[in-house]
Amino acid sequence: HTGAWDVPPAERAAHREGALLAAEAGWEVLRDGGTAQQAVIAAIVLMEDDPALNAGCGSVLCREGWVELDAALMTGERLEVGAVGCVRDVKNPIKLAAALLPQEEVLLVGGGASRFARAQGVPTCPPGSLVVPREERRLKVWRERHPADTVGAVALDARGRLAAGSSTGGRPGKPSGRVGDAPVPGAGVWADDTCGAAVATGWGEEILRFSLARRTAELGREHTAEDACWIAMRDFQERLQGRGGVLLVASDGSLGWGFSTSTMAVALMAAVMDAPRVEGISEDP
Ligand code: GLY
């Protein structure tokens, strides 16, 4: 998905296209025998490199005027997580999260995360290269604008392994040092082979307080993925008037998504389908 928020009409085609290309990239990995983890990384790298989306290059700016990125990767077999927060100089934070996944540490932030990137050979970049003019303009008017978006992906591979990943520049108007839901296991990302893999998107503080991704995945034990997302979003709105969305692949392979915002571009692909399709956003206002 490319984020749940009020995507302006002029940006909708780009969101549809970004989600579709990501689903295709993830699907190619799975079709060629790759793992769910590899598929999630492939999908998210494409979305991080897409300047239309709020992840990697093109991310929203913090109040101080620069990019601070959060990302996480989680695998469902052994509940392993690699997560990074407030990273200013890494083009593909999902690759940094993947490098951390086998390590003891779960979450690295700021300068420590950048040092880890250099030690691991994960490419770094000048921080200014991640800033796009659209976000400089948006920062000026952020108080009047929409909530937040994020990119995320979930996958189930042929061996029944689940993975979930998310990557974001956070929400407009955030102060430097703020970490949102995206890199926090249970909030923005959750994968457990016994129930499902889920990613959340939207206003990070509300998602953190609600543990939206884990709640949704756990609901997948008793409900279809579609019902699990619907119930989770209903509860999210009832308790917190939560703004955002969630995407779930349950361990039985069922897919679901739900959102309380006006749009959330989701691209889906499964073995029973001929080609990926996009849901949750039309190009019309
Ligand atoms: N959901 C992205 C953020 O609030 O950081």
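Whatever order the structure lists them in is the order used to number ligands and atoms, beginning at 1.
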Considering both backbone and side-chain atoms of [X], is one of its nitrogen or oxygen atoms within less than 3.5 Å of a nitrogen or oxygen in ligand 1?
X: G170; result: no
X: D70; result: no
X: T168; result: no

Next item on the list: Check each of R161, R221, R214 against D192 using the salt bridge (charged side-chain N to carboxylate O under 4.0 Å, His left out) test, and report the only one that passes.
Entry: R221
For [X], the ligand 1 atoms whose distance to one of its heavy atoms is below 4.0 Å:
X: D181; answer: 1 (N), 2 (C), 3 (C), 4 (O), 5 (O)
X: G180; answer: 5 (O)
X: G202; answer: 1 (N), 2 (C), 3 (C), 4 (O)
X: T150; answer: 1 (N), 2 (C)

Notebook entry, point to check: Salt bridge or not for R138 and E11, using N-O below 4.0 Å?
Noted result: yes
Notebook entry, point to check: So which of E68, K174, R178, E206 gets nearest to atom 4 (O) of ligand 1, if we judge by its closest heavy atom?
Noted result: R178
Item checked: Heavy-atom pair with the smallest gap, counting every atom of L30 and A155 -> CD1-CB, 4.4 Å
Item checked: Test applied, side-chain contact (heavy atoms from CB on, under 4.5 Å); reference residue, E135; option that passes from N54, V67, L130, V60 -> V60
Notebook entry, point to check: Does atom CZ of R239 have more than 12 heavy-atom neighbours from other groups under 6.0 Å away?
Noted result: no
Notebook entry, point to check: Going by atom types only, do E68 and S176 share a side-chain donor-acceptor pair under 3.5 Å?
Noted result: yes
